[in-house]
Amino acid sequence: MERIWIAGPCAAESREQVFGTAKGLVEQAANAHIPLHYFRAGAWKVRSAPNCFSGEGEAALPWLQEVQQTFRIPVCVEVMNPNQVEICAKHGIKTIWIGARTSINPIDIQQLADSVRHSDFTVLVKNPMIPDLKLWQGNIERFLNADVCKVMAIHRGFPDSKENIYRNSPLWQIPIELKVSMPELPILCDPSHLCGNTRWIPPVAQLAMNYGFSGLMLECHQQPSIALSDPKQQLTPAEWAELISHLDLRSDTADLDLVKHRSLLENIDNQISELLFQRMTLVDEIADIKRKKHIAVVQPLQWQQVAKRYKKHTEDINYQEFIEHFLELLHQSSINRQK
Ligand code: PEP
Ligand code: MN
């Protein structure tokens, strides 16, 4: 399977920034012998805060058209409504993506699908903001039914309220379920929006390759630190080429069933680590209370009660011995920590 690489800035900010970033990417790609299949840039940006940079709108389209003509790379732009589709078509842009905020509303999606019916548009459908596989799949089907040139999915993770190292939770089982039910559909990963920080992008990009994703959409900017949106998650063109050329792409024959089970396991392991972290934080707070109130760290009676409770919970399961051992270990490490 040849992977699909999409790269470009979060937003088109100026002719100079769009052209400079595209030129940087094309040169880096050539040096590293990597194909660049699509250049991306947002013209209309959906932002949470009202006074943020919200994109240059239609004014950005001629710059993108120039990039497309100069470098002969299709350019993709995010659209939220049929009017924006029309503006893209007017400027020769025939690849569009549907953002996570638009993907939430099937009525908007249907209007967008009707606006590209029987056309040569390629449509990339990002996962919706909520972790609802049926909604994502339904959106994709609306475009497939509209008989466009090509449809692809993009996994960008799901916001959650919990403290997380990533900007969005990957919930890998969702795109993997999608792959299982629509095996012909190319599914790309967008580690930029998933991670929110370039620091985590390389391991997440590799994980996506291990899971058999069809490619990556990555945000790149000629000078990320001065980007008008998403500065922390944009790579320089050189960093992009470095990342892509170091990916291990051997696992493209991944067994989907195995991949699916592994991703579920990984998800459980992540939750266990998260819970253990929360437990340790509570243990520290308890240690504080005990110190202030001059209470002994080890209280045998208290532990006996806890142990009894655990025993009751684990009576019916096969791994009782393991769980008892694990809980004892946990208790001992909490005591050591408090001491
Ligand atoms: C983007 O790709 O620029 C974007 C806004 O993405 P998302 O819809 O995934 O937040
Ligand atoms: Mn962005």
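Only this structure's heavy atoms are used, side chains among them; waters, hydrogens and symmetry mates stay out. Counting starts at 1 for both ligands and their atoms, in listed order.
Checked against the 6.0 Å centroid threshold, W63 and F19 do not count as a close aromatic pair.
In terms of protein heavy atoms, atom 5 (C) of ligand 1 is closest to E78 OE1, 3.6 Å. Among protein heavy atoms, atom 9 (O) of ligand 1 sits closest to R156 NE, 2.5 Å. Protein heavy atom nearest atom 8 (O) of ligand 1, with residue, atom name and distance: A100 N, 2.8 Å.
The shortest N or O to N or O distance between C10 and ligand 1 is not below 3.5 Å. Considering backbone and side-chain atoms alike, K126 places an N or O below 3.5 Å from some N or O of ligand 1.
Checked by atom type, the side-chain pair T102/D108 shows no donor-acceptor distance below 3.5 Å. Side-chain contact of Q206 with N210: a donor-acceptor pair under 3.5 Å is present, judged by distance alone.
At least one heavy atom of K45 sits closer than 4.0 Å to an atom of ligand 1.
Between F213 and H155, the ring planes are tilted. Angles from 30° to 60° get that label.
Residues W172 and L247 share a single hydrophobic cluster, defined by chaining ILVMFWY side chains whose heavy atoms lie under 4.5 Å apart.
For D230, the N, O or S atom with the smallest separation from the Mn ion (ligand 2) is OD2.
Rounding to the nearest 10°, we obtain 90° for the angle at the Mn ion (ligand 2) between C10 SG and E219 OE2.
The ligand atoms of ligand 1 that sit less than 4.0 angstrom from a heavy atom of E219 are 3 (O).
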- [ ] Please report the C-alpha distance between Q110 and D114 in whole Å, then the side-chain angles of each, then the deciding distance to 0.1 Å, and finally whether the side-chain hydrogen bond (donor to acceptor under 3.5 Å, both in side chains) criterion is met.
- [x] CA-CA 6 Å; Q110 191 55 53; D114 291 339; 3.0 Å; yes

